[in-house]
Amino acid sequence: MNQKTLPLLPESASNLAPQVDALMGAETLFSVFFTVLIFLTILFFAIKYRRKSEADTPPHIHGSLVLELAWSLIPFAIILGFFAWGARIYFRAYSEPPGSMEIFVTGKQWMWKVQHPEGPREINELHVPVNKPIKFTMISEDVIHSFFIPAFRVKRDVLPGRYTTFYVTPTKVGKYHLFCAEYCGTQHSGMIGTVYVMEQSDYERWVGGSEESMTVRGEQLFSQYACNTCHLPDGKGRGPSLVGVYNSMVKLQSGEVVKADEAYLRESILNPRAKIVEKYQAVMPTFQGQISEEGLLQIIAYIKSLEKAGEEDQQ
Ligand code: CUA
């Protein structure tokens, strides 16, 4: 924290921070302006229209359409303006910028587990490069948590059974707080960590090393759980081929067509009967409770890596 400035706000260390601060600042100024205006008006009227004698009776007022419309439409327009302003920032945080990298977060009573696609895993620490858009994909092993980095002005719930994502670009090298912002049990207040924003070269040095990538770990799990005995790359196994399946449109037995995103892949591992692919039988067992959320993310990373281009190599 810069000692020279009043610590009214946390440090501003992401692309979203100045935008969120500007909106919050404007909303505060508007609120203060109207609060003062209303109080001064009340005071002014109280004095101006005070009862001056015992016989003083006010005339009847029958209302004014112009006045009614004015005090309804003006606040409505102001609030709508703030809504549009906020929505712009919202869409920025939840739509994918070009060239983003991925980081996977698993919340668990009571810790934050982070996986980098290149391999490193960390607990209650998060290392990220500066000036690079990051896609966070998050899920909880148990209850609802909330991933909160004040310096980035980002906060998003981490839910059991469902992936949540957001995008942010850190803009300032430094060390920042990471909190859980959703009460999640006894040690909720201890579910904290540190975010390290590093120069790109430092980050590459930090990431590089001997650790296996998420894809390699996923591949190991894929054969450990014998997924590879049914999901043959040529599609002639008992299960459909997974080559190029990621983000493709899959036709189901029911005739429905769904997009094979992360949520679909996760569901198909844990609850295979939910969506049966056309021309295949419901023979896959469930892996519910057998694979951790981290493991699921690794398997999904492996499935994502099975590109169509590599099809010839597989066969
Ligand atoms: Cu996790 Cu509060």
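Keep in mind that this is a model prediction, so the values were computed, not measured. Indexing begins at 1, ligand by ligand and atom by atom, following the structure's order. Each residue takes its place number in the sequence, starting with 1. Just the heavy atoms: all of them, side chains too, but no hydrogens, waters or symmetry mates, feed the values below.
In summary, no N, O or S atom of His145 is located under 2.8 Å from atom 2 (Cu) of ligand 1. For atom 1 (Cu) of ligand 1, the set of nearby N, O or S atoms under 2.8 Å includes none belonging to His188. Residue side and main chain included, Met191 places an N/O/S atom under 2.8 Å of atom 1 (Cu) of ligand 1.
Here CG of Asn124 is found 8.0 Å from CD1 of Ile192. Values are rounded to the nearest 0.5 Å.
Distance alone, capped at 3.5 Å, is enough to place a donor-acceptor pair between the Glu122 side chain and the His127 backbone.
Exactly one of Trp112, Tyr163, Phe166 qualifies for a ring-ring contact (aromatic ring centres under 6.0 Å, His included) with Phe136. That residue is Phe166.
Computed with atom 1 (Cu) of ligand 1 at the centre, the Cys180 SG to Cys184 SG angle is 110°, stated to 10 degrees.
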Checklist entry - Between Arg217 and Glu294, is a salt bridge (charged side-chain N to carboxylate O under 4.0 Å, His left out) present by the stated rule, with each step listed? => result CA-CA 10 Å; Arg217 283 204 189 97; Glu294 286 178 291; over 6 Å; no
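For Glu182, the N, O or S atom closest to atom 2 (Cu) of ligand 1 goes by the atom name O.
For Lys52, the NZ atom sits in a packed shell: over 12 heavy atoms of surrounding residues, nucleotides or ligands are nearer than 6.0 Å.
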